[in-house]
Amino acid sequence: MSFVYLAVLLVSAAGVLVVDRRFRLFVWDAPGRAAAVLVAGTAFFLAWDLAGIGLGVFLHGAGPYMTGLLLAPELPVEEIVFLAFLCELTMVLVLGAQRLLGRDAVREDGPR
């Protein structure tokens, strides 16, 4: 049993949270709304995974860096952490890009 993959996911999520906190993009801008988005997004992708598992499309490939703990047949515990990380990262990237593009638009329309 190895916790390497889970640890890498958690460290990566912490890194995204640091960037989020620095620029107040998602969680630190509106914590309640961010929690709702993270839960809804993770639940959506979890339902997607469960449908894929049920159809035999997604299979658990045990690796040397995974815990080996399964929440359901073919559903490793790391998958939930990965899905939450994916949602968090996506929101930080989208909101960061919107902020950057909005700032550029203001500069272009401003006085010269």
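Counting begins at 1 with the first residue of the sequence.
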Give a yes or no on whether [X] and [Y] share a hydrophobic cluster (residues Ile, Leu, Val, Met, Phe, Trp, Tyr; joining criterion: side-chain heavy atoms under 4.5 Å apart).
{"X": "Val11", "Y": "Leu6", "value": "no"}
{"X": "Tyr65", "Y": "Leu83", "value": "yes"}
{"X": "Val8", "Y": "Val19", "value": "yes"}
{"X": "Leu71", "Y": "Leu10", "value": "yes"}
{"X": "Val77", "Y": "Val4", "value": "yes"}

Do the non-hydrogen side-chain atoms of [X] and [Y] ever get within less than 4.5 Å of each other?
{"X": "His60", "Y": "Leu75", "result": "no"}
{"X": "Trp28", "Y": "Leu17", "result": "yes"}
{"X": "Leu38", "Y": "Phe26", "result": "yes"}

Enter the distance from [X]:[atom1] to [Y]:[atom2] here, rounded to the nearest 0.5 Å.
{"X": "Leu100", "Y": "Leu95", "atom1": "CG", "atom2": "CG", "value": "11.0 Å"}
{"X": "Phe82", "Y": "Leu89", "atom1": "CZ", "atom2": "CG", "value": "9.0 Å"}
{"X": "Ile80", "Y": "Leu9", "atom1": "CD1", "atom2": "CG", "value": "12.0 Å"}
{"X": "Leu86", "Y": "Thr42", "atom1": "CG", "atom2": "OG1", "value": "8.5 Å"}
{"X": "Phe44", "Y": "Asp49", "atom1": "CZ", "atom2": "CG", "value": "10.5 Å"}

Where [X] and [Y] come nearest, the two heavy atoms and their spacing:
{"X": "Glu78", "Y": "Thr67", "value": "OE2-N, 2.7 Å"}
{"X": "Glu88", "Y": "Ala13", "value": "OE2-O, 3.3 Å"}
{"X": "Glu74", "Y": "Ile53", "value": "O-CD1, 3.5 Å"}
{"X": "Ser2", "Y": "Pro64", "value": "CB-O, 3.2 Å"}

Checking side-chain contact (heavy atoms from CB on, under 4.5 Å) for the pair Val27/Arg21: CA distance, chi angles, key distance, verdict?
CA-CA 7 Å; Val27 173; Arg21 182 166 190 239; over 6 Å; no
Other residues, nucleotides, ligands: >12 heavy atoms within 6.0 Å of Trp48 CH2
no
